[in-house]
Amino acid sequence: MNAELAESGTAKRVLRLAYTNGSGKLAVIGDPVAHSLSPRIQNALLEHLGLDYIYLALKIPPSATREWVKAARLLDFAGFNATMPHKTALVPLMDTLSGDAARCRAVNTVVLRKGRLEGHNTDGEGFLRALGDAGVEVRGRNAVLLGAGGGARAVALKLAACGARRIAVCCRTPRQGELLRELDSRIEAHAWTPASLRENLRHCDVLINGTPLGMRGVGETFADLDFLDALPASSVVCDLIYSPLRTELLRAAAQRGHTAINGLGMLIHQAILALELFTATPIDAERAAPVAERALAGVLE
Ligand code: NAP
């Protein structure tokens, strides 16, 4: 596959891809999907690796997950990623589920092999690799997770599977936390109150924001960040958010001397893991990650 970077009249960078009738077909499905960074990342990686595939963004409405799966088979797609609102709806449509997808009850990567659908979830492993890049070990550590939605769920279950001692999930909808607690005895569910947050943070090694609070375009952020004062000095603070790269939470954590890790590493690693699955090609993440980062230069700030 050849790719060429061109400057349009509006100085927008456009990736032009040359592909053939025989190129493998990949996509991300979602609704909305126009904001997705996956095509930028994946097409840059495909070009870097010399793999003959094209990766598209396809808007598939919430009610059409099943129809899309039929279409993907018919059109001979090699695989696809899924974002909101399809991750859960895909689960019962898969022929097989990976351990992570089965545990999360959510699929973000589907591989089509000989007409069979393999459902995977690369979010948790992507997060773990991002922590590894920053030299953060989770085994035997205490984590506090804010929120219990899709991303937080994948992270909590992966931390538990990798030997974290205790994962305290603080969330505003108790039922969500309870559901997560039922999946692994290392996970505890707590109400999101100033008192419970402070209590849990006193013994926390890794604090992770799994809510959209502070995300660009969401308009909602933390009422205050004083809870950070309860953290031990050595704690690491992570945000799953990658836009902006430096959220208010991360800025406040860094000001207090904590190592602050944004969601970009997770985003890139989950994409690399998905591409390995789609193409059955081992990828050297150390070399591929900078390629993906360059593809996002100027898009994220
Ligand atoms: P989600 O499934 O909608 O879950 C959002 C969670 O945040 C829910 O637990 C929700 O609680 C909670 N929440 C929302 N607003 C809140 C508020 N004002 N106060 C307290 N809790 C609140 O979303 P998601 O897909 O997990 O995404 C969450 C964030 O993680 C997004 O910013 C997303 O971009 C990021 N993310 C990043 C990556 C990556 O690769 N870096 C991957 C996945 C997600 P309720 O149930 O009570 O609404």
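Just so you know, ligand 1 is whichever comes first in the structure, and atom 1 is the first atom listed for that ligand.
- Lys158 pairs in a salt bridge (Lys or Arg N to Asp or Glu O under 4.0 Å) with only one of the listed residues (Asp123, Asp184, Asp100), which is Asp100.
- Considering both main-chain and side-chain atoms, Ala148 comes within under 3.5 Å of ligand 1 through a nitrogen or oxygen pair.
- Among residues at least two apart or in separate chains, side-chain hydrogen bond (donor to acceptor under 3.5 Å, both in side chains) pairs with a member in residues 130-144 are Asp133-His269.
- In this structure, Glu188 pairs ionically with Arg166, as a charged nitrogen and a carboxylate oxygen lie closer than 4.0 Å.
- A salt bridge does not link Lys25 to Asp76: none of the charged nitrogens lies less than 4.0 Å from a carboxylate oxygen.
- In this model, a donor atom of one side chain and an acceptor atom of the other lie less than 3.5 Å apart for Asn209 and Asp239.
- Nearest to atom 5 (C) of ligand 1 among the protein's heavy atoms is Pro212 CD, 4.0 Å.
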Would you please test Thr109 and Asn81 for side-chain hydrogen bond (donor to acceptor under 3.5 Å, both in side chains) and show each step? CA-CA 4 Å; Thr109 301; Asn81 288 119; 3.1 Å; yes
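- The closest protein non-hydrogen atom to atom 28 (C) of ligand 1 is Gly210 O, 3.4 Å.
- Shown here is Arg73, whose CZ atom has more than 12 heavy atoms of other residues, nucleotides or ligands within 6.0 Å.
- Cys171 does not count as a contact of ligand 1, since none of its heavy atoms falls under 4.0 Å from the ligand.
- Near Glu220, meaning under 4.0 Å from any of its heavy atoms, are these atoms of ligand 1: 18 (N).
- Distance check for atom 45 (P) of ligand 1: a protein heavy atom is found below 4.0 Å.
- Closest heavy-atom approach to atom 20 (C) of ligand 1 within the set Phe127, Trp192, Tyr242: this belongs to Trp192.
- Among protein heavy atoms, atom 4 (O) of ligand 1 sits closest to Gly149 CA, 3.2 Å.
- Using modelled atom types and a 3.5 Å distance limit, the side chains of His86 and Thr65 yield a donor-acceptor pair.
- Considering backbone and side-chain atoms together, Ile241 places no N or O closer than 3.5 Å to any N or O of ligand 1.
- Without hydrogens or angle criteria, Thr211 side chain to Leu146 main chain gives no donor-acceptor distance under 3.5 Å.
- The backbone N or O of Ile283 sits less than 3.5 Å from a side-chain atom of Glu276, completing a donor-acceptor pair.
- The distance between the ring centers of Phe222 and Phe227 falls below 6.0 angstrom.
- For atom 16 (C) of ligand 1, a protein heavy-atom neighbour is present inside the 4.0 Å cut-off.
- Counting heavy atoms under 4.0 Å from ligand 1, residue Leu213 touches it through the side chain alone.
- Ligand 1 has no atom lying under 4.0 Å from any heavy atom of Gly126.
- Nearest-residue assignment for atom 34 (O) of ligand 1 (options Arg153, Met266, Met215; heavy-atom criterion): Met215.
- Annotation for ligand 1: atoms under 4.0 Å from non-hydrogen atoms of Gly147 are 9 (O).
- Remark: Arg294 does not engage Glu47 in a salt bridge, criterion side-chain N to carboxylate O under 4.0 Å.
- Atom 26 (O) of ligand 1 has its closest protein heavy atom at Gly151 N, 2.7 Å.
- Considering only non-hydrogen protein atoms, atom 37 (C) of ligand 1 sits nearest to Leu240 O, 3.1 Å.
- Atom 22 (C) of ligand 1 has its nearest heavy-atom neighbour, among Arg172, Arg175, Gln270, in Arg172.
- Near Thr173, the atoms of ligand 1 lying under 4.0 angstrom from a non-hydrogen atom of the residue are 45 (P), 46 (O), 47 (O).
- With respect to atom 23 (O) of ligand 1, the closest heavy atom belonging to the protein is Gly150 N, 4.5 Å.
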